[in-house]
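Structure record follows, encoded as structure tokens.
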2 protein chains.
Amino acid sequence: MPDERIDPYAPVPPYRQIAAILRRRIQAGEFAPGSRIPTESELVETYEVARTTARRAVAVLRDEGLVITVPQRGTYVRPV
Amino acid sequence: MPDERIDPYAPVPPYRQIAAILRRRIQAGEFAPGSRIPTESELVETYEVARTTARRAVAVLRDEGLVITVPQRGTYVRPV
DNA sequence: GCGAATTTGTACGTATGTATC
DNA sequence: AGATACATACGTACAAATTCG
């Protein structure tokens, strides 16, 4: 049970809510630079969304340059 | 019947092939700056792919800054 | 003004491939 | 060999805003 949950009724779509939550968790230091963030499957379970939605959330952070995804490995917080 | 078709056996995934084709068509002047490129539905019919694949192709060009998408309007070649 | 059609946005589930561990 | 994890693709559904007759 995550501290933050998405609000399916909010005007901001779930994938962006999850991206925002992950961004906060990273900036809060929960995931240190170089460490791996939750896998897509874990995000699916944690936030109860489809895998595509979890992927899109991660894609947002990747586009921002906040994380780096390594195929078949995972997604990592960009080293400082 | 498009001049170029995607090759489902190529190592490059369909969405990137379509993005490359559209990029060439734009640079060839088929779509002038400010003009609209084919809609997602048209790309679906032309290249015989799912809409999600067509959307991804357009997203590539958008990420490159080559085109600009206006919700409920269409996607346009970025004005010079 | 109204309603239908159009077009993009978002989300769901599922399947397969490939590389890593 | 098996489990894990990301990449890609398919189809489907509905929402929201714009356009057009």
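Hydrogens, waters and symmetry mates play no part in the numbers below; they use all other heavy atoms, side chains included. Letters A, B, ... are given to chains in the order of the sequence lines, protein chains preceding strands, and every chain is numbered from 1.
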Side-chain contact check for B:Arg55: nearest option of D:dT8, D:dC10, C:dT10 is C:dT10

Please tell me if A:Arg36 has a side-chain N or O lying less than 4.0 Å from either OP1 or OP2 of D:dA5. yes

Spacing of B:Ile18 atom CD1 relative to D:dT8 atom P, expressed in whole Å: 13 Å

If you compare every side-chain N and O of B:Arg16 against the phosphate oxygens of D:dT8 (OP1, OP2), does one of them come in below 4.0 Å? yes

Taken to the nearest whole Å, CD/A:Gln17 to C1'/C:dG9 is 15 Å

Looking at every heavy atom in both B:Val49 and B:Val44, which two are closest together, and how far apart are they? O-CG1, 3.1 Å

Distance-minimising heavy-atom pair for B:Ala57 and B:Ala19: O-CB, 3.6 Å

Is it true that B:Ile37 and B:Val60 fall in one hydrophobic cluster, defined by side-chain heavy atoms closer than 4.5 Å? no

Rounded to the Å, how far apart are A:Ile37 CD1 and D:dC6 C1'? 12 Å

Whether the side chain of A:Arg78 engages the backbone of A:Gly65 through a donor-acceptor N/O pair (distance < 3.5 Å, no angle test) should be reported. yes

Reading nucleotides 13-21 of chain C from 5' to 3' and marking B where a protein heavy atom lies under 4.0 Å of the base, S where only the sugar-phosphate is that close, and - otherwise, the string is B-B-BBBSS

Rounded to whole Å, how long is the line connecting atom CG of B:Asp7 with atom P of D:dT8? 16 Å

Across the strands shown, which category fits B:Thr69 at heavy-atom distances under 4.0 angstrom: base, sugar-phosphate, nothing? sugar-phosphate

List, by chain and then residue number, the residues other than A:Ile68 in its hydrophobic cluster (Ile/Leu/Val/Met/Phe/Trp/Tyr, side-chain heavy atoms under 4.5 Å); write none if there are no others. none

What residues join A:Val70 in its hydrophobic cluster, counting side-chain heavy atom gaps under 4.5 Å, either direct or through other members? A:Tyr76

Which pair of non-hydrogen atoms, one from B:Val67 and one from B:Val58, has the smallest distance, and what is that distance? CG2-O, 4.3 Å

Is there any side-chain hydrogen bond (donor to acceptor under 3.5 Å, both in side chains) pair reaching into residues 31-40 of chain A, and which pairs are they, with sequence neighbours excluded? A:Glu40-A:Arg51, A:Glu40-A:Arg55

Can you name the salt bridge (Lys or Arg N to Asp or Glu O under 4.0 Å) partners of A:Glu64, sequence neighbours left out? A:Arg23

Would you jot down, in residue-number order, the residues of residues 58-65 of chain B having a non-hydrogen atom under 4.0 Å from DNA chain D? none

Measure from CZ on B:Arg56 to C1' on C:dT10 and round the result to the nearest Å. 15 Å

Taking atom C1' of C:dT8 as reference, at what distance in whole Å does atom CD1 of B:Ile68 sit? 15 Å

Spacing of B:Glu40 atom CD relative to D:dC14 atom P, expressed in whole Å: 18 Å

